[in-house]
Amino acid sequence: MSTVKCIGILTSGGDAPGMNAAIRAVTRSAIYNGMAVKGIYRGFKGLITDEIAEFKTSNVSNIIQRGGTILKTARCDEFKTPEGRKQAYDKLKEHGIEALVAIGGDGTLTGARIFAQEFDLPVIGLPGTIDNDLYGTDVTIGYDTALNTIMECVDKIRDTATSHDRLFFVEVMGRDAGFLALNGAIASGAEAAIIPEISLEKDQLAEMIETGFRKSKNSSIVLVAESEVTGGAIGVAERVKKEYPQFDVRVSILGHLQRGGSPSAQDRILATRMGVAAIDALLDDQRNVMMGIQNDQIVYVPFSKAIKNDKPINRDLLNTLRVASI
């Protein structure tokens, strides 16, 4: 049985819808199990600058429906240095925090893992990122909401694309992962998705145009993952203007729209389940694991696996998109 009496909770890196639901679940589950809870503002930066406050049940009332994160988030270069991490650890000790729950993406878990190893501190991670790029979990907190946002935006863009017989390249987030672009394309009935996982293997644009896409259509929408590998929507559009001047091309970059908004039911449920499971993990003496969900079951994924391994894209989905968009 764990002897943890006080936990700290923080959100770090890019915000994602559902983070507040996770904060709420972690806080209430900890209190339910007799622990004190300290909210750490502005991620790892707030640890160093001592932005730490006691959290009661009332601190997390009425936040499940809100996007963003009430604990705020910030990038923190000091935490990347041993001196910065030592400062952060001293503040934890000062506040009597004996374990940490960190909600965020790849960078957050990387930082959490180093911190946990250096100071022998139990840390539990929750995968909060719209990119869905963490290994060991079928979905991450924020992904479903972002996907719905993309779908709604593309539905609106389609109205103007159809009215003008245009080819639209719509850029979506995802860093080096094509999950949002590929599933967003399927959900919105787009003609194709250009994603980094495939760009390295073949020229997706040439293949798309040569297979005669648009034969039966006047307007088309293609989703492009933002990535140096794909060149982003602007890079792809420039190429089309040069190589296929017959197309009337437009670009739309969805940007930070995708990060915001009230979380979907799915994200609220996922975040709540993972938040409660994080405290269960601590009670179970687990440490340095990320909560994941596989086949609708909560699983513990070691930080080393979650961070190091690349999450593979489901190749069947590429074929699904190809077939459905003829």
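This chain uses plain numbering: 1 for the first residue, then up along the sequence.
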Between the main-chain N or O of [Y] and the side-chain N or O of [X], is there a donor-acceptor pair closer than 3.5 Å?
X: R42; Y: S12; value: no
X: N314; Y: D316; value: yes
X: T137; Y: G292; value: no
X: T230; Y: P196; value: no
X: K56; Y: I31; value: no
X: K93; Y: E98; value: no
X: E51; Y: G46; value: no
X: K241; Y: V249; value: no
X: Q294; Y: G136; value: yes
X: R66; Y: N20; value: no

[atom1] of [X] to [atom2] of [Y]: how many Å apart, nearest 0.5 Å?
X: Q87; Y: T49; atom1: CD; atom2: OG1; answer: 9.5 Å
X: D144; Y: S264; atom1: CG; atom2: OG; answer: 3.5 Å
X: I141; Y: Q266; atom1: CD1; atom2: CD; answer: 12.0 Å
X: L321; Y: L182; atom1: CG; atom2: CG; answer: 6.5 Å
X: I195; Y: L318; atom1: CD1; atom2: CG; answer: 5.0 Å
X: I124; Y: I279; atom1: CD1; atom2: CD1; answer: 8.5 Å

State, to 0.1 Å, how close [X] and [Y] come at their nearest heavy-atom pair, and which atoms those are.
X: T108; Y: G104; result: OG1-CA, 3.6 Å
X: G96; Y: C6; result: O-CB, 3.2 Å
X: A177; Y: A225; result: O-CB, 4.4 Å
X: S325; Y: A190; result: CB-O, 3.7 Å
X: G178; Y: E197; result: N-OE2, 2.9 Å
X: A181; Y: A193; result: O-CB, 3.8 Å

* Begin from the C-alpha positions of V172 and V224 and carry the test side chain to side chain contact (heavy atoms under 4.5 Å, CB included) through to its verdict. => CA-CA 6 Å; V172 300; V224 184; over 6 Å; no
Could you tell me whether [X] and [Y] make a salt bridge, using a distance below 4.0 angstrom between a side-chain N and a carboxylate O?
X: E54; Y: K38; value: no
X: D77; Y: K45; value: no
X: R287; Y: D285; value: no
X: E83; Y: K86; value: no

Can [Y] be reached from [X] by stepping across I, L, V, M, F, W or Y side chains whose heavy atoms are under 4.5 Å apart?
X: V276; Y: I293; value: no
X: I70; Y: I7; value: yes
X: I313; Y: I186; value: yes
X: I253; Y: M151; value: no
X: V4; Y: L283; value: yes

* Structure fact -> Here the ring-ring contact (aromatic ring centres under 6.0 Å, His included) pairs for residues 154-189, sequence neighbours left out, are none
* Decide yes or no on salt bridge (Lys or Arg N to Asp or Glu O under 4.0 Å) for R166 and D248, but give the supporting numbers first. => CA-CA 5 Å; R166 279 179 181 152; D248 185 9; 3.2 Å; yes
* Start with the C-alpha distance between D159 and K156, add both sets of side-chain angles, then the distance that settles salt bridge (Lys or Arg N to Asp or Glu O under 4.0 Å), and finish with yes or no. => CA-CA 5 Å; D159 293 344; K156 290 180 168 69; over 6 Å; no
* **Pairing residues for N183 by the side-chain hydrogen bond (donor to acceptor under 3.5 Å, both in side chains) criterion, not counting sequence neighbours** => Y143
Quick one, [X] and [Y] - any side-chain contact, counting heavy atoms below 4.5 Å?
X: D176; Y: E228; result: no
X: R273; Y: I269; result: yes
X: R239; Y: K242; result: no
X: P17; Y: T149; result: no
X: V170; Y: I221; result: yes
X: V60; Y: V26; result: no
X: V154; Y: L223; result: yes
X: R175; Y: D133; result: yes

* Asked: Going through the checks in order, is the side chain to side chain contact (heavy atoms under 4.5 Å, CB included) test met by Q286 and D280?
  -> CA-CA 9 Å; Q286 294 285 335; D280 288 344; over 6 Å; no
* Check salt bridge (Lys or Arg N to Asp or Glu O under 4.0 Å) between R85 and all other residues, then give those that pass, not counting sequence neighbours. => E118
[atom1] of [X]: more than 12 outside heavy atoms within 6.0 angstrom?
X: Y32; atom1: OH; result: no
X: K72; atom1: NZ; result: no
X: Y300; atom1: OH; result: yes

* From CA spacing to verdict: side chain to side chain contact (heavy atoms under 4.5 Å, CB included), T140, D131 -> CA-CA 8 Å; T140 56; D131 300 342; over 6 Å; no
* Linked hydrophobic residues, I114 as query - side chain contacts closer than 4.5 Å -> none
* Residues sharing L109's hydrophobic cluster, by side-chain heavy-atom contacts under 4.5 Å among ILVMFWY, directly or via others? -> L10, I40, F44, L47, I48, I52, F79, Y89, L92, I97, L100, F115, F119, L121, V123, L134, M290, V299, V301, F303, I307
* Asked: Is there a side chain to side chain contact (heavy atoms under 4.5 Å, CB included) between N59 and T27 once you walk through the steps?
  -> CA-CA 9 Å; N59 288 84; T27 301; 5.9 Å; no
All N/O donor-acceptor pairs, side-chain side in residues 255-263, below 3.5 Å, sequence neighbours left out:
| unit_1 | atom_1 | unit_2 | atom_2 | d |
| --- | --- | --- | --- | --- |
| Q258 | OE1 | M173 | N | 2.8 |
| Q258 | NE2 | G255 | O | 2.8 |
| R259 | NE | D15 | O | 3.1 |
| S262 | OG | Q65 | O | 2.7 |
| S262 | OG | R268 | NH2 | 2.9 |

